[in-house]
Amino acid sequence: MLDIKYIIANQDIARKKTADRGAQFDFDGLMALDAERKKLQAKNDDLKSERNTVSKEIGKIRKDGGDISEIQEKMRIAGDEIDANDRILAEIQAKMEDMLLNLPNLVKDEVPVGKDETENVVSKTWGEPKKFSFEPKAHWDIAENLKILDFERGTKVAKSRFTAYMGMGAKLERALINFMLDTHAQRGYKEVLAPYLVNADAMRGTGQLPKFEEELFKCERDGLYLIPTAEVSVTNLYSGEIISETELPIRHCSYSACFRREAGSHGKDVRGLIRQHQFNKVELVKITAPEDSEAELAELLDSAENILRTLELPYRVMTLCSGDIGFSSAKTFDIEVWLPSANTYREISSCSTFTDYQARRASIRLRRKDGKKVEFAHTLNGSGLAIGRTLVAVLENYQNEDGSVTVPKALRPYLGGLEVITA
RNA sequence: GGAGUGGUGGCCGAGCUAGGCCGAAGGCGCUCGCCUGCUAAGCGAGUAUACGGCAUUAAACCGUAUCGAGGGUUCAAAUCCCUCCCACUCCGCCA
């Protein structure tokens, strides 16, 4: 959520940056509502003040045995007016709230302007795509030959886009999770394991609601949602809190299963592990003082890249343009890993700073050392990494001609020293 | 799921069946100052947030709101009534 005061003071910027995203918003309407709100509140506060004063007098007069009927009646009428005004105020505020919740974050100045993903910018490339002496197979073929992923049975017990990991598939997935958590922990990220089901407040806090309800699995009778990313539960652990400046930055790494309805992606990536309704992910989440968020984003990105470098998987980093960046984000880097079978890079991580956008929604604040000033913190998060897609990348990049898959050196300690996965 | 108890400021905890003098006693913690040959103790002061008035910012000041949330009664509610949410205890069930 953006600060209404900021919007009013910086209308031109807000309008331009919202347009850069390709988003529509009725700024005039919002500001008119705010002006109306201010006027009415000032008026009503005066009425309330009057009532409070008179009410105290009534108490005194009555104690002295004086007559209060006339003044009482006057206050009753004033009370009706106050109630009526309060109702109008509540309506205006609800309308403003609704508008603000649907207004995306402002992208940072350095974010390239562009209309969609075709205008994202490659900002870094690491490693060389491996040359194969044979035709590299797609991960679903590799996995089925090795009997480590069972797509049909996964579908049988749930529906399409659900997969069962079998034997070494399950072990490899678990090895990746542990490897990533351990690696991040060494860099100062504190591990957390948080709820997979969260309430609507949490979803609103990080920006999934109200706008992206169709993307979420919902447990209707309990009013709970399955998290699409650990970002939701971990960030909201601090909602409503005022954190001491000395405790920042907070850095967390968190494993979770993630659940996404993938509404509107019919027919896209229907085969294999790339786009699942349920997938595993290790997420990095940070809460920082505003002045530190930029440096922390760079560090976050490097932590995510570090996983791929350690696994020796070729990747590139994309700076998302204004038209492709996420709703709550102010700046996002996507990391894309090389997939030989597709002969292209595929997204495996998304690292963002949300500036104070989520913090304002979730009310995450910090108190400065001087003890007086309270302000909104900055939140950041990034995948470090998506486990399923990492498994895909490992299978494809480390595949051998005989159908076996070499285990990346960094993962061997997590698989009892195993060097090759064979059928 | 059944029965019961309870939700007050960073924490603990008064006040809630006599509704006004309660944004709320007291204690702890914390901050600043004083004092003390160290540590501890002692003394003094301060210690919520949001919105509005505020003129261009900030401070100060004033007003309003907030005692789990929402609604109601009343001139006036932490205090009375209703609904909901949450926590804890016991029973049942269960990894």
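Throughout, protein chains are lettered first and strands after them, A, B, ... in sequence-line order, and every chain is numbered starting at 1. The structure displayed is predicted, hence computed values, not measured ones.
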Using whole Å, what does the distance between atom [atom2] of nucleotide [N] and atom [atom1] of [X] come to?
X: E375(A); N: rA50(B); atom1: CD; atom2: C1'; value: 16 Å
X: D45(A); N: rU66(B); atom1: CG; atom2: P; value: 11 Å
X: M96(A); N: rG52(B); atom1: CE; atom2: C1'; value: 13 Å
X: R367(A); N: rG9(B); atom1: CZ; atom2: C1'; value: 12 Å
X: E97(A); N: rA50(B); atom1: CD; atom2: P; value: 16 Å
X: I82(A); N: rG63(B); atom1: CD1; atom2: C1'; value: 13 Å
X: D201(A); N: rA69(B); atom1: CG; atom2: C1'; value: 11 Å
X: R37(A); N: rA65(B); atom1: CZ; atom2: C1'; value: 13 Å

Distance, [atom1] atom - from [M] to [N], rounded to whole angstrom:
N: rC67(B); M: rG23(B); atom1: P; result: 12 Å
N: rC90(B); M: rG20(B); atom1: C1'; result: 41 Å
N: rC80(B); M: rG92(B); atom1: C1'; result: 37 Å
N: rA3(B); M: rU17(B); atom1: C1'; result: 26 Å
N: rA78(B); M: rG72(B); atom1: P; result: 15 Å
N: rC12(B); M: rC22(B); atom1: P; result: 24 Å
N: rU5(B); M: rU83(B); atom1: P; result: 16 Å
N: rA59(B); M: rA50(B); atom1: P; result: 11 Å

What's the closest nucleotide to the side chain of [X] if the choices are [options]?
X: A42(A); options: rC75(B), rG52(B), rU64(B); answer: rG52(B)
X: K38(A); options: rG53(B), rC75(B), rU49(B); answer: rG53(B)
X: N52(A); options: rA65(B), rG72(B), rA76(B); answer: rA65(B)

Answer yes or no: is there an ion pair linking [X] with [Y], defined by an N-O contact shorter than 4.0 Å?
X: E220(A); Y: K218(A); value: yes
X: D302(A); Y: R309(A); value: yes
X: R251(A); Y: E296(A); value: yes
X: D12(A); Y: R15(A); value: no
X: R187(A); Y: E305(A); value: no

Which residue lies toward the 5' end of RNA chain B, R365(A) or G79(A), if each is placed at its nearest nucleotide?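 Whichever sits nearer the 5' end wins; that is R365(A).
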Toward the 5' end of RNA chain B, by each residue's nearest nucleotide, S49(A) or Q72(A):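 Final value for this comparison: S49(A).
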Name the orientation class of the two ring planes belonging to F217(A) and F162(A) (parallel below 30°, tilted from 30 to 60°, perpendicular beyond 60°).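 Ring orientation of F217(A) relative to F162(A): tilted.
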Which atom names give the shortest non-hydrogen contact between E231(A) and F354(A), and what distance separates them?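 Shortest heavy-atom separation between E231(A) and F354(A) comes out as OE2-CZ, 4.1 Å.
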Nearest heavy-atom pair of C321(A) and E119(A): which atoms, and what distance?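 Heavy atoms of C321(A) and E119(A) come nearest at CB-O, 3.5 Å.
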Touch check for K43(A), heavy atoms < 4.0 angstrom, all strands: base, sugar-phosphate only, or nothing?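 Nothing, no heavy atom under 4.0 Å.
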For rA76(B), take OP1 and OP2 only and decide whether either is under 4.0 Å from a side-chain N or O of K74(A).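 Looking at the OP1 and OP2 atoms of rA76(B), neither is under 4.0 Å from any side-chain N or O of K74(A).
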So, is R51(A) close to the rA76(B) phosphate, meaning a side-chain N or O under 4.0 Å from OP1 or OP2?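 For rA76(B), OP1 or OP2 has a side-chain N or O of R51(A) closer than 4.0 Å.
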Measuring only between side-chain heavy atoms, which start at C-beta, is K74(A) closer than 4.5 Å to V54(A)?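 K74(A) vs V54(A): side chains apart.
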Starting at the 5' end of RNA chain B, what dot-bracket string do you get if Watson-Crick and G-U pairs under 3.5 Å are bracketed, crossing pairs use [ ], other-strand pairs use | and unpaired bases use dots? ((((((((.[[[..)....(.....]]]((((((.......))))))((((((.......)))))).[[[[[..)....]]]]])))))))....
Decide, for rA18(B), between syn and anti: a glycosidic angle within 90° of 0 counts as syn, anything else as anti.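 With its glycosidic angle within 90° of zero, rA18(B) counts as syn.
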